[in-house]
Amino acid sequence: METSDSSSTTELMSRYVSSEPGYGVPTEGWRICLAHEFKEKRKPFQAKDVSLSNIMEHIGLGVRYLKWWYKKTQVEKKAPFIDMFRALPLRQIYGVPLGGFGGGTITRGWRGEFCRWQLNPGMYHYKTVIANQFTVCLRRGGQTVYQQVLSVERPPTLQGWNWGYCGEYAFYHALYPRAWTVYHLPGQNVTLTCRQVSPVIPHDYKDSSLPVAVLVWDIENKNDYDLEVSIMFTMTNGSGHKDDKSGGHWNEPFHLEKEGEAVSGVLLHHCTPFNPYTLCIAAHEQSDREVSYQTAFSPRGTCGALWSDLITDGRLDSPTGSSPPTQKGEKVAAALAVGCKVSAHGHNSLEFSLSWDMPVITFGSREREHIRRYTRFFGSEGDAAPSLCHYALTHYRDWERRIEAWQAPILQDSSLPSWYKSALFNELYFVADGGTVWVELPEDSDVSGGLRSEDGGLPAQPSVIKEYGRFAYLEGQEYRMYNTYDVHFYASFALIMLWPKLALSLQYDIAGSVVQQDSTERLNLMSGRCSPVKTRNVVPHDIGDPDDEPWQRVNAYLIHDTADWKDLNLKFVLQVYRDFHLTQDRQYLQDMWPICQAVMESEMKFDQDGDGLIENSGYADQTYDGWTVTGPSAYCGGLWLASVCVMCKMARLLDSNSVYERYRDVLDRGSAAFDKLLWNGQYYNYDSSGRDLSNSVMSDQCAGQWFLRASGLGDGEYQAFPVEKVRSALKSVFDLNVLRFAGGQMGAVNGMRPEGVPDRSSVQSDEVWVGVVYGLAATMIHEGMVEHGLRTAEGCYRTVWERLGMAFQTPEAYCEKGIFRSLAYMRPLSIWAMQLALDLRRDQVGPEDEKPLQNLTSQDQEQAPTTKNEVPPETLHDVSNTH
């Protein structure tokens, strides 16, 4: 794949006609001209995209789903957890979301629009609110010489404003959690750079929770004369939702001074019956800045009065008092303007902040209230919005210093390609914009599931949850289930490396649900059979639907009975040890040990012939829930052996010799069976059923080895797979699933036939799963195949971010042509597993011995050292000891 880093950026920036680089814009990141149009327009996966053979196989599922969907949407008036009839269309518009995580998110598009909203927890709507804009006013000698809305749009409303900024003079640059938009003002010799800063900071559990962002405008005056420059920020009271017109909303100006710093602006109180909130637009008051505002205006009609107010003198009227509550059917908006002088050939800056305060939330069931994490620092009375803006405007420089210190070692690493640096940081958007909730643990909560520590269970309130709160994120914005565990397995690397306390908190919640049961019978849509909602001593699929009551009612997923899935229990065990290895938190290991033993005991029943290797049950009983697998399989069998291996390791650490001996015996027998039944001389067969397609090449066949390597295992006493066979399998995947698919330009297809054509036996076997590809790339890097890994992952980044226009909405899946599935998905956070692998490799090789990755040859890769048994946690990138 001879794609250079510069060629793709050249394409995205090809329509940029200015030479202005902007103020302080970094080199690395995702950059696009505001006039760019993506040539390829894809459509979401729909029923018509299913092959005839698959339709016949799943006709029962279709009928049962239709009945369930009708009842859910038309009778119960609820949103289905997966809506197969109303998939999101692709809008190629999204940019970096605003705010920390857990307090709701507002996403701005790369053209500057406010266009994706998640204020009600886990529930998205996708509405561009056209009145939410920035406008620039230039004045010289007391006269306005230029006034322009900084938007390329030409909307049918607000005709009194000057729309239609020429996008060829502007570009957007994203390096999450920051973004820059550079506007060269045609004919004015002035360049504006809007820098968007959100408090997303590794190992920070205060500021990272805040629902606030700062927007700094740097103004460069290239003229021979001084200018007066004003920026106006307009904001609608609401989010474009129908409740914006429900009536009773009102605005008021505010001024807040503390610790010698003052901010002022407008509060927009959105007074809904459930989950009311306050928006706040604010500016930093300084002696050489003039702050003015308009408390309320109607965002309908021409809105010429507001435009004229600004154009007259570069400031707004600033009336006193609050606005009256809106009438039903009426909307209200507010405006805030800040002005300053910019000397000839000089620079100046203006600072705005936007916060949203929804401290107390209810989920869809309305059964109980939850308190968001940030209220620990700013209170839960609903009056925190001014303080949030004040805090942001007085602390954002420190945020940026910490963000830069975190990112610099990677950005400055010349051995890493630019596309990877962009992908690594920009894919992190989902930690905030995955419908994320971060709430306090109620005082009366018992997360143990009723089985306490003294009885082999958990503490009622584990200290990590009490101190750091409960954390949940969606499987995807379209697949609305919290902490979907088979997918979190991949995504979890981002949390354990950057916010390890949240990773452990999530694990305690999952562990507590393991010992619970819900014997309520319900219909499984795939099989048509009924089964209990939750079976004791198995890991749940998810911890619930935000339109219901998460944590209280788990397993919103009802396509399969996941108590019979083969991967969930194993993924819990593997994550427990991986987390311990990276944090060295021994209390966590001790707390999880009885839960690990319980789920492994449940898993033992799937080894029906007693050979030490579990068997799949002849349906799609794992994360590939549309791809049938029968008997011992590469994916689940590999996860099983890796789990048995880490059980041996944990037993040794905890001085449990009898458990060690038991699992050592299983590992020895199971490894022999795995090799005998699945190894074909080049790779591990998909399964051992003997079906025509059982020898397909699965891209994810080495997932077990991946986790062993990430946990410092995979050699010596704790080896489950022969290293030479792992590398042969990975080489087969690279040669077939990567290079023989789409010209080697789109990552690795899930299933490939040995003759070099995709496995089309299911709707998932011929898809590319971005998060799986990043995990595959990490596995390759662990095994010394660095160049193979980077080239494999590069195909996904180029496809998603540069060809298909799916920035900040990376999907679960796409096919070679035409379609994609499930936008804005959790699994691609697995790219942080690549960084862990690179860190481990660098620690082994040493920086002085490390060759530029682009220059590694196949011979170099074959000679690369394998991972050592243990790597001191303090050497890992951004992983701190969490004692």
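- Glu113 has no carboxylate O lying under 4.0 Å from a charged side-chain N of Arg91, or vice versa, which leaves the two without a salt bridge.
- Note on Lys341 versus Glu228: no salt bridge recorded, every NZ/NE/NH1/NH2 to OD/OE distance being 4.0 Å or above.
- The cationic atom of Arg803 (NZ for Lys, CZ for Arg) does not lie both less than 6.0 Å from the six-membered ring centre of Phe38 and within 45° of the ring axis.
- In this model, no donor atom of one side chain and acceptor atom of the other lie less than 3.5 Å apart for Asp244 and Asn237.
- Side chains of Gln133 and Thr234: a donor-acceptor N/O pair is absent below 3.5 angstrom, by distance only.
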Output a table of donor-acceptor pairs, distance under 3.5 Å, between side-chain atoms of residues 16-24 and any protein atom two or more places apart or on a different chain; print 'none' if there are none.
{"residue": "Tyr16", "atom": "OH", "partner": "Glu20", "partner atom": "O", "Å": "2.8"}
{"residue": "Ser18", "atom": "OG", "partner": "Glu20", "partner atom": "N", "Å": "3.0"}
{"residue": "Glu20", "atom": "OE1", "partner": "Thr191", "partner atom": "OG1", "Å": "3.4"}
{"residue": "Glu20", "atom": "OE1", "partner": "Lys222", "partner atom": "NZ", "Å": "2.8"}
{"residue": "Glu20", "atom": "OE2", "partner": "Lys222", "partner atom": "NZ", "Å": "3.2"}

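- Between the side chain of Thr236 and the backbone N or O of Ala131 there is no donor-acceptor pair closer than 3.5 Å.
- Using modelled atom types, no side-chain atom of Asp547 and backbone atom of Pro80 make a donor-acceptor pair closer than 3.5 Å.
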**Candidate pair Leu336 and Val291, rule side chain to side chain contact (heavy atoms under 4.5 Å, CB included), full reasoning** = CA-CA 7 Å; Leu336 179 68; Val291 180; 3.7 Å; yes

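- Here the closest heavy-atom approach between residue Val332 and residue Ala296 is recorded as CG2-CB, 3.6 Å.
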**Asked** So Trp307 and Leu310, side chain to side chain contact (heavy atoms under 4.5 Å, CB included) or not? Walk me through it.
**Response** CA-CA 5 Å; Trp307 191 261; Leu310 183 67; 5.8 Å; no

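- Asn426 contributes a side-chain N or O that, together with a main-chain N or O of Ser422, makes up a donor-acceptor pair within less than 3.5 Å.
- Looking at every heavy atom in both residues, Trp356 comes nearest to Ile106 through CE3-CD1, 3.8 Å.
- A cation-pi arrangement, defined by a distance under 6.0 Å to the six-membered ring centre and an angle within 45 degrees of its axis, is present between Arg140 and Tyr225.
- Under the side-chain hydrogen bond (donor to acceptor under 3.5 Å, both in side chains) criterion, His347 pairs with Asp218, sequence neighbours left out.
- At most 12 non-hydrogen atoms from other residues, nucleotides or ligands lie less than 6.0 angstrom from CD of Glu259.
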**Message:** Assess the residue pair Asn132 and Arg108 against the criterion (side-chain hydrogen bond (donor to acceptor under 3.5 Å, both in side chains)); give the C-alpha distance rounded to whole Å, side-chain angles, the decisive distance to 0.1 Å, and a yes or no.
**Reply:** CA-CA 10 Å; Asn132 294 356; Arg108 294 185 74 209; over 6 Å; no

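- Aromatic ring centroids of Trp117 and Tyr126 lie 6.0 Å or more apart.
- Salt bridge status for Glu290 with Arg315: present, with a side-chain N to carboxylate O gap under 4.0 Å.
- Panel note: side chain Arg139, backbone Val145; no donor-acceptor pair is recorded below 3.5 Å.
- For the residue pair Cys303 and Ser298, the shortest heavy atom distance occurs at SG-O, 3.7 Å.
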**Prompt:** Passes side chain to side chain contact (heavy atoms under 4.5 Å, CB included), His390 versus Glu261? Steps please.
**Reply:** CA-CA 8 Å; His390 185 285; Glu261 302 278 359; 3.8 Å; yes

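- The cationic atom of Arg116 (NZ for Lys, CZ for Arg) lies less than 6.0 Å from the six-membered ring centre of Tyr94 and within 45° of the ring axis.
- Separation of the Trp438 and Phe101 ring centroids falls under the 6.0 Å cut-off.
- Nearest heavy atom pair, residue Pro546 against residue Pro121, reads CB-O, 3.4 Å.
- Remark: aromatic rings of Tyr391 and Phe378 are close, center separation under 6.0 Å.
- Between Arg195 and Glu400, at least one side-chain N (NZ, or NE/NH1/NH2) sits under 4.0 Å from a carboxylate O, which counts as a salt bridge.
- Under the 3.5 Å distance criterion, with hydrogens and angles disregarded, no donor-acceptor pair is assigned to the side chains of His241 and Asn120.
- The side-chain heavy atoms of Ser239 and Val129, taken from C-beta on, include no pair separated by under 4.5 Å.
- Across every non-hydrogen atom of Phe352 and Ile231, the tightest pair is CZ-O, 3.3 Å.
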**Message:** salt bridge (charged side-chain N to carboxylate O under 4.0 Å, His left out) for Arg111 and Glu37? Distances and angles first, verdict last.
**Reply:** CA-CA 12 Å; Arg111 291 191 176 103; Glu37 293 288 342; 3.5 Å; yes

**Asked** Can you list the steps and then say if Trp801 with Glu427 is a side-chain hydrogen bond (donor to acceptor under 3.5 Å, both in side chains)?
**Response** CA-CA 10 Å; Trp801 290 79; Glu427 290 287 11; 3.1 Å; yes

**Request:** Show the numbers, then the answer: is there a side-chain hydrogen bond (donor to acceptor under 3.5 Å, both in side chains) between Ser14 and His36?
**Result:** CA-CA 8 Å; Ser14 62; His36 183 76; 4.9 Å; no

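- Ring-centre distance between Tyr429 and Tyr176: not below the 6.0 Å cut-off.
- Distance alone, capped at 3.5 Å, places no donor-acceptor pair between the Thr375 side chain and the Ile371 backbone.
- What you find for Gln294 and Leu316 is that their closest heavy atoms are N-CD1, 3.8 Å.
- Just one residue in the list Tyr165, Tyr183, Phe233 forms a ring pair (Phe, Tyr, Trp, His ring centres under 6.0 Å) with Phe134, and that residue is Phe233.
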**Message:** Evaluate Arg372 against Ile361 for side chain to side chain contact (heavy atoms under 4.5 Å, CB included), listing each step before the verdict.
**Reply:** CA-CA 7 Å; Arg372 293 203 198 255; Ile361 56 172; 3.4 Å; yes

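- Asp224 and His345 share a donor-acceptor pair across their side chains, judged by distance under 3.5 Å alone.
- Between Leu393 and Val214, some side-chain heavy-atom pair lies under the 4.5 Å cut-off.
- Between the side chains of Thr107 and Asp433, a donor-acceptor pair is found at a separation under 3.5 Å.
- In this structure a side-chain-to-backbone donor-acceptor pair under 3.5 Å is missing from Ser349 to Trp217.
- Judged by distance alone, the side chain of Trp163 and the main-chain N or O of Leu158 form a donor-acceptor pair under 3.5 Å.
- His249 and Thr326 share no side-chain donor-acceptor pair at under 3.5 Å.
- Side chain of Gln148 to backbone of Val136: no donor-acceptor contact under 3.5 angstrom is found.
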